[in-house]
Amino acid sequence: PRSFSRHLSCPGTIAASVGSEEQPSAVAETGIEDKTLQKKFSEVQKERREQAQRTVLIHCPNNINEKKFLKYLSQHGPVNNHFFYESFGLFAVVEFCQKDSINSLQNGTHTPTQSTEAAIPFKSRFLNLRLKNPSSQVSAQPFVRTTNQSPPSSKKLFELLSYAESIEEQLNTLLQAFQLTEENVRLRHLTCSLIEDIAAAYFPSCVIRPFGSSVNTFGKLGCDLDMFLDLDETGKLDVHKNTGNFLMEFKVKNVPSERIATQKILSVIGECLDNFGPGCVGVQKILNARCPLVRFSHQASGFQCDLTANNSIALKSSELLYIYGSLDSRVRALVFSVRCWARAHSLTSSIPGAWITNFSLTVMVIFFLQRRSPPILPTLDSLKSIADAEDRCILEGNNCTFIQDVNKIQPSGNTETLELLIKEFFEYFGNFAFNKNSINIRQGREQNKPDSSPLYIQNPFETSLNISKNVSQNQLQKFVELARDSAWILEQEDKNQPFSSSRQPWGLAALLLPPGSGHTSLSRQKKKKPMSEKVKGLLASIKSNSPDRSTDTSGK
Ligand code: CTP
Ligand code: MG
């Protein structure tokens, strides 16, 4: 028998669905707690999509009576789940047990008529509830309890971190505070489902699939919602139906390239969203990008959405990250802290540019964990070598095969603490030979850089691509310096054991402080910096009147 147990992890709230009301959890089924079965990514996505299709979004009056509201809705069928949240007003997410209930609800719903403006009568699952007789409804009822959809403020985070008793606990606290909640995950899938209804006006069997941090277990509250229009489902359905000697094809319009086809489709969907998508505002078509997209904000949910098309490789890489995030609880704790650290020091930004991205940082953490001895995470090649026939996956000519069932992967025997790992992470990348080596999670070892990009991180599936091609030498340099400083801060704390003795931010909190905020470690660190750099900084601030990005410590 192994002397260690798997570091059990709950990958975001996605795994939480395993234990939700209607589905018995794996724990309940087996009765063995440390053998909790993790669901496959595709199963989770399918369940979430189906759940979203039984769900409506309702804009409610602030003084709504929850009991009466639920009673009113249950005329259309039993309600499985509901929650309220505040955005620009009060909203309710209501999940029925059956899809039919939605038709029933919509049948009794009308399009409003206004005297000054005209309504575009698009009937969606985004509804507005009005009180027929407001005065009689405003009873002594307490206001409904709302769920929070935003990340904690910096102040709140520092407070939470100060209560922790070890760096290990701080990393886990940060994870708990920032990870997507069950409600937020539901709202993300619902938003995709609502957009799907709009796209389905043109492509009836299309699917809008969320990908990226919304589903890969590394999403932070407030992160954007990446989604893509999947039209493949249409083709797949037809293949099975062909019998006999004839082959029937759809007569279609042809265009010179896949890219042009994507641009045309996204352009039309973008118009639809702009013209009659309820709550879709600020629609921008960014069709000349390497990966054409439509960016918009979904006002009711508060999500900034990026819609692309035919992006199945990105979905596969989300699945790979989901596997890595589910394998060992230390992975997500480390990734969340590194992402927050990078954001606090303006290494990442919500504006596209020469900055390092969260996706790159995540891959760097995975690579680092593959390099531990014994490794905490397996290489992508080894995940491919244990794949079954059903895992086989070729996308656009790229072999994207890897084992899809997390339960079949041997847990790591490595028992290093998060405190050690975060320190070693900063040490490792503070001294990495970025000038000659690339980062490669497929093989789990560094390789010679194939070109002169400052930071080269091989795309795990499209192996000729560098996922951090955009990163400038300056940004990389800044990353390296901050990593070294952070390793140094943690080392000092180790020596001084300052935890309980001082009210100063310590451990992870000290790493998240903006430069120059007066922390003892940081001021010591400042002394160490060469004078010329201070002078350079002063000169730069005199020369430029533009706002200094480095003062922005708010989370994305
Ligand atoms: N992606 C990629 N190559 C890149 C950038 C992105 O393959 N150079 C894919 C990844 O699968 C990534 C997804 O596109 O997860 C979404 O990209 P992005 O929104 O930039 O990253 P997220 O992982 O969603 O992280 P964030 O929370 O910052 O949005
Ligand atoms: Mg994203």
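One is the number of the first residue; the rest follow in order along the sequence.
At least one donor-acceptor pair closer than 3.5 Å links the side chain of E168 to the backbone N or O of L418. In this structure, S318 contributes its side chain and G212 its backbone to a donor-acceptor pair below 3.5 Å. One N or O on the side chain of S101 and one on the backbone of H76 form a donor-acceptor pair closer than 3.5 Å. A donor-acceptor pair is defined here as one N or O able to donate and one able to accept, closer than 3.5 Å; such a pair exists between the side chain of Q170 and the backbone of W506. Using modelled atom types, no side-chain atom of H189 and backbone atom of E50 make a donor-acceptor pair closer than 3.5 Å. Counting only distance, with no hydrogens or angles, the side chain of R332 and the backbone of T217 share a donor-acceptor pair below 3.5 Å. Put simply, the side chain of S337 never gets that close to the backbone of L334: no donor and acceptor are under 3.5 Å apart. Put simply, the side chain of N172 never gets that close to the backbone of A333: no donor and acceptor are under 3.5 Å apart. Side chain of R339 to backbone of F218: a donor-acceptor contact under 3.5 angstrom is found. N470 contributes a side-chain N or O that, together with a main-chain N or O of G353, makes up a donor-acceptor pair within less than 3.5 Å.
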Under the side-chain contact (heavy atoms from CB on, under 4.5 Å) rule, what do L131 and N63 come out as? Steps first, then yes or no, please.
CA-CA 10 Å; L131 302 178; N63 50 2; 3.6 Å; yes

Just do the side-chain contact (heavy atoms from CB on, under 4.5 Å) check on L174 and L512 with the steps written out, would you?
CA-CA 11 Å; L174 185 139; L512 298 179; 4.0 Å; yes

Derivation of the side-chain contact (heavy atoms from CB on, under 4.5 Å) call for L347 and L361
CA-CA 10 Å; L347 284 169; L361 287 169; over 6 Å; no

Can you list the steps and then say if H298 with L194 is a side-chain contact (heavy atoms from CB on, under 4.5 Å)?
CA-CA 10 Å; H298 190 258; L194 295 175; 4.2 Å; yes

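Using a 4.5 Å cut-off on side-chain heavy atoms (C-beta onward), R125 and Q106 make contact. Taking the side chain as every heavy atom from C-beta outward, N184 and F303 approach each other to under 4.5 Å. Looking at E183 and V93, their side chains never come closer than 4.5 Å, going by heavy atoms from C-beta outward. A heavy-atom distance below 4.5 Å is not found between the side chains of L161 and P505. Side-chain contact between L315 and Q45: absent, with no pair of heavy atoms (C-beta onward) separated by less than 4.5 Å. Side-chain contact between F122 and I198 is present, with heavy atoms from C-beta onward closer than 4.5 Å. At a threshold of 4.5 Å between non-hydrogen side-chain atoms, the residues M227 and E196 do not count as touching. Using a 4.5 Å heavy-atom cutoff, the side chains of N311 and D226 are not in contact.
Under the salt bridge (Lys or Arg N to Asp or Glu O under 4.0 Å) rule, E47 has a single partner from K40, K39, R54, which is K39. When each of L307, D274, V281 is checked for a side chain to side chain contact (heavy atoms under 4.5 Å, CB included) with F296, only L307 meets the rule.
Pairing each heavy atom of L287 with each of S267, the nearest pair is CD1-CB, 3.8 Å. Closest approach of Q304 to S297, counting heavy atoms only: OE1-CB, 3.9 Å. Nearest approach of S346 to W355, heavy atoms of both residues: O-CD1, 3.8 Å. Residues S350 and R343 share a closest heavy-atom pair of N-NH2, 4.5 Å. Between S312 and L395, the shortest heavy-atom distance links the atoms O-CD1, 3.6 Å. Nearest approach of S150 to L221, heavy atoms of both residues: O-CD1, 3.5 Å.
Note that the SG atom of C206 and the CD1 atom of I195 stand 11.0 Å from one another [nearest 0.5 Å]. To the nearest 0.5 Å, atom CD1 of residue I467 and atom OG of residue S360 are 4.0 Å apart. To the nearest 0.5 Å, the span separating OG1 on T308 from CZ on R209 amounts to 12.5 Å. The distance from atom CG of L127 to atom CG of L57, rounded to the nearest 0.5 Å, is 8.0 Å. Put simply, CZ on F461 and CD on E396 are 12.5 Å apart, with the number rounded to the nearest 0.5 Å. Rounding to the nearest 0.5 angstrom, the gap separating the CD1 atom in I58 from the CG atom in L73 is 5.0 Å.
Classification of the W341-F479 ring pair by plane angle, with boundaries at 30° and 60°, yields perpendicular. Using cut-offs of 30° and 60° on the angle between ring planes, the pair F126 and F91 is tilted. Classified by interplanar angle (parallel below 30°, tilted 30° to 60°, perpendicular above 60°), the ring pair F84/H82 is perpendicular.
Side-chain atoms of N80 and E95 include a donor-acceptor pair closer than 3.5 Å. Under 3.5 Å, the side chains of R48 and Q51 contain a donor-acceptor pair of N or O atoms. Under the 3.5 Å distance criterion, with hydrogens and angles disregarded, a donor-acceptor pair is assigned to the side chains of T147 and Q149.
The local environment of CD in E117 is sparse, with at most 12 non-hydrogen atoms from other residues, nucleotides or ligands closer than 6.0 Å. Heavy-atom neighbours of E159 CD from other residues, nucleotides or ligands within 6.0 Å: above the threshold of 12.
With salt bridges taken as basic N to acidic carboxylate O contacts below 4.0 Å, one links K316 and E319. With salt bridges taken as basic N to acidic carboxylate O contacts below 4.0 Å, one links K285 and E271.
For an aromatic pair to be called close, the ring centres must be under 6.0 Å apart, and F336 with F178 fails this.
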